[in-house]
There are 2 protein chains.
Amino acid sequence: MAKVDTSLVAHLPLFAGVKPEDLEEILREARSARYPKNSAIFEQGADAQSFFLLLHGHVRAAKTTPTGEQIVVRYVAPGETFGLAMAIGAARYPATAIAVDDSVALIWPTSAWPRLIERFPSLAANTLQTVGTRLQESHTRILEMSTQQVEQRVAHALLRLAKQSGKKLDHGIEIDFPISRQDIAQMTGTTLHTVSRILSGWEQQGLVESGRQRIILRDPHGIVVLAERSPDSGAA
Amino acid sequence: MAKVDTSLVAHLPLFAGVKPEDLEEILREARSARYPKNSAIFEQGADAQSFFLLLHGHVRAAKTTPTGEQIVVRYVAPGETFGLAMAIGAARYPATAIAVDDSVALIWPTSAWPRLIERFPSLAANTLQTVGTRLQESHTRILEMSTQQVEQRVAHALLRLAKQSGKKLDHGIEIDFPISRQDIAQMTGTTLHTVSRILSGWEQQGLVESGRQRIILRDPHGIVVLAERSPDSGAA
DNA sequence: CAGGGTGTTTGCGATAGCTCAAAAGGCGGA
DNA sequence: TCCGCCTTTTGAGCTATCGCAAACACCCTG
């Protein structure tokens with residue numbers, strides 16, 4: 001097991017208020033692992049034996065219905081935690097985590113959590129903050145799904161992805177990991193067909209440039225305008 | 001300020017693992033207040049000066065868009081906390097809270113939170129658990145909105161309300177606070193018209209009995225069946 | 001460089017649910 | 001008791017979006 005350099009993670013929200021020597025102790029309990037592109041990190045319903053801190057790459061968390069339909073819960077960016085089932089008192093993972101790019105994560109055994117938060121209460125407070133923020137974001141997503149049309153929801157989704165994992169280009173922002181029409185559909189509650197039609201339209205208007213699992217926002221501001229447009233204030 | 005009896009709240013999840021004498025200290029920092037039916041407890045966007053523990057009554061938390069559309073985030077039942085903006089690091093309330101019945105709540109100043117969790121780390125751990133559970137529920141709701149038809153979503157919503165705040169009757173379960181078609185629409189992402197049509201249909205099938213802001217599930221199991229029915233396995 | 005597989009595009013018809021509109025019912029207050 | 005308001009019901013037409021189907025494009029592999 002490789003030693004983890006504290007300086008790489010010390011600034012993360014998870015460790016806010018944790019003293020350097022404590023951080024080292026915390027990291028000693030972790031191991032790190034590499035996940036190749038498209039490999040599963042854990043499966044929905046499996047025993048929640050570990051929780052994770054993503055160091056490199058990108059991870060998709062998805063939830064599947066009994067009938068096989070999926071939604072994307074979120075994309076995890078480097079520096080974020082995932083698989084925190086134990087923090088919420090769940091014995092099993094509520095979603096599946098897949099590395100969408102070659103990824104590296106720190107891994108703690110779930111069993112270590114109670115001891116860790118007892119010794120380092122900041123961890124609990126910080127995690128509460130994180131989970132609370134995600135709850136807010138979920139509510140926003142519900143609000144959008146309830147009140148907005150598909151095109152606006154797709155616009156919001158892309159803007160969020162760009163903010164979280166956007167790579168600045170000379171002219172535009174590229175989403176920095178492979179993402180398909182289907183993925184976006186599963187983030188916005190629609191079908192890949194509808195997403196494809198929307199992106200085709202945007203491409204013709206010069207708002208985006210996209211291809212196989214690749215999206216570049218050529219005119220982010222124009223997409224913001226779309227995202228905020230009221231349902232009927234229509235284009236041609 | 002009336003003294004709060006610890007025995008009334010000691011068993012709540014929030015206080016799990018808190019010693020009786022500590023609980024008393026925690027409660028000493030709270031005051032209690034009464035909210036008449038239909039009064040606002042706090043407004044979305046207002047300074048988050050307090051957080052709450054509902055003792056009696058029912059509270060609706062709703063989120064409003066810039067354009068005035070609303071969704072119901074959740075209904076708060078006695079024993080649950082709400083208005084935890086500070087736990088997630090928000091300075092303002094992300095939603096509006098309205099008492100839907102005459103209600104009583106314990107109130108702590110937000111400023112007390114950091115000190116409380118430092119002195120009583122269980123509070124943070126318990127709150128994390130609660131917030132985590134709510135996050136899960138949110139994801140489930142998103143999943144439903146993405147994959148189910150309106151009728152199924154309404155069925156799920158009613159079943160949840162019945163479980164959380166149902167009053168057992170001789171023949172059926174009554175939702176124990178005033179709730180309109182509009183409210184249900186805002187919980188499920190549809191319109192009051194559609195909800196009305198659905199409930200009318202169910203009423204004719206003897207599944208429910210309902211009226212002005214009042215719903216009784218006459219055949220909860222029948223509604224479970226509806227909720228789980230796959231999109232097409234249709235009725236007449 | 002051909003083949004296979006996955007992801008994307010696009011057309012077309014079907015429809016669930018929305019919107020608009022109007023009427024009716026029930027409840028609380030004067 | 002009567003009035004007025006708010007909630008609920010119901011109708012009718014419309015449309016955004018889905019579902020299905022087929023063709024296409026790209027990438028990786030052998």
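Here is how names work: the chains are called A, B, and so on, in the same order as the sequence lines, proteins then strands, and each is numbered from 1.
Classification of the Phe52(A)-Tyr93(A) ring pair by plane angle, with boundaries at 30° and 60°, yields tilted.
The six-membered or imidazole ring of Phe51(B) lies away from that of Phe82(B), with a centre-to-centre distance of 6.0 Å or more.
Taking all atoms of both residues into account, the shortest heavy-atom contact from His11(A) to Leu8(A) is CE1-O, 3.2 Å.
A close approach under 4.0 Å does occur between a side-chain nitrogen or oxygen of Ser200(A) and OP1 or OP2 of dT10(C). Phosphate contact (OP1/OP2 of dC18(C), side-chain N/O of Thr191(B), threshold under 4.0 Å): present. The phosphate of dG7(C) (OP1 or OP2) has no side-chain N or O of Ser180(A) nearer than 4.0 angstrom. In this model, the phosphate group of dC18(C) is approached by a side-chain N or O of Thr190(B) to a distance below 4.0 Å at OP1 or OP2.
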Collect all protein-nucleotide pairs involving nucleotides 20-25 of chain D in which both atoms are nitrogen or oxygen and the distance is under 3.5 Å.
| from | atom 1 | to | atom 2 | distance (Å) |
| --- | --- | --- | --- | --- |
| dC20(D) | N4 | His193(A) | ND1 | 3.4 |
| dA21(D) | N6 | His193(A) | ND1 | 3.3 |

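Heavy atoms of Gly201(B) sit nowhere under 4.0 angstrom from any nucleic acid atom. Among the heavy atoms of the strands lying under 4.0 Å from Ser196(A) is at least one base atom, whether or not backbone atoms are also near.
Taking atom CD of Glu69(A) as the reference point, atom P of dG19(D) lies 8 Å away to the nearest angstrom. A straight line from CG of Leu199(A) to P of dT8(C) spans 9 Å, rounded to a whole angstrom. With rounding to whole Å, Gln186(B) atom CD is found 13 Å from dC18(C) atom P. In this structure, Ile184(A) places its CD1 atom 12 Å from C1' of dG7(C), rounding to the nearest Å. When rounded to the nearest whole Å, the span between CD of Gln182(A) and P of dT6(C) equals 13 Å. Protein atom CD of Glu209(A) is 15 Å distant from nucleotide atom P of dT8(C), rounded to whole Å. Between the CD atom of Gln149(B) and the P atom of dC18(C) there is a distance of 11 Å, rounded to whole Å. Across the protein-nucleic acid pair, Glu151(B) atom CD and dT15(C) atom C1' stand 15 Å apart, rounded to whole Å.
A salt bridge does not link Glu137(A) to Arg74(A): none of the charged side-chain nitrogens sits closer than 4.0 Å to a carboxylate oxygen. A salt bridge links Glu144(A) with Arg160(A); the closest basic N to acidic carboxylate O contact falls under 4.0 Å.
Comparing Ile179(B) and Thr194(A) by the nucleotide of DNA chain D whose heavy atom lies nearest to each, the residue mapping closer to the 5' end is Ile179(B).
Side-chain proximity of Arg181(A) to the nucleotides dT9(D), dT17(D), dT8(C) is greatest for dT8(C).
In this structure, CG in Leu159(B) is found 6.5 Å from CG in Leu217(B), a value given to the nearest 0.5 Å.
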Trace of the side-chain contact (heavy atoms from CB on, under 4.5 Å) decision for Val195(A) with Thr190(A): CA-CA 7 Å; Val195(A) 172; Thr190(A) 182; 3.7 Å; yes
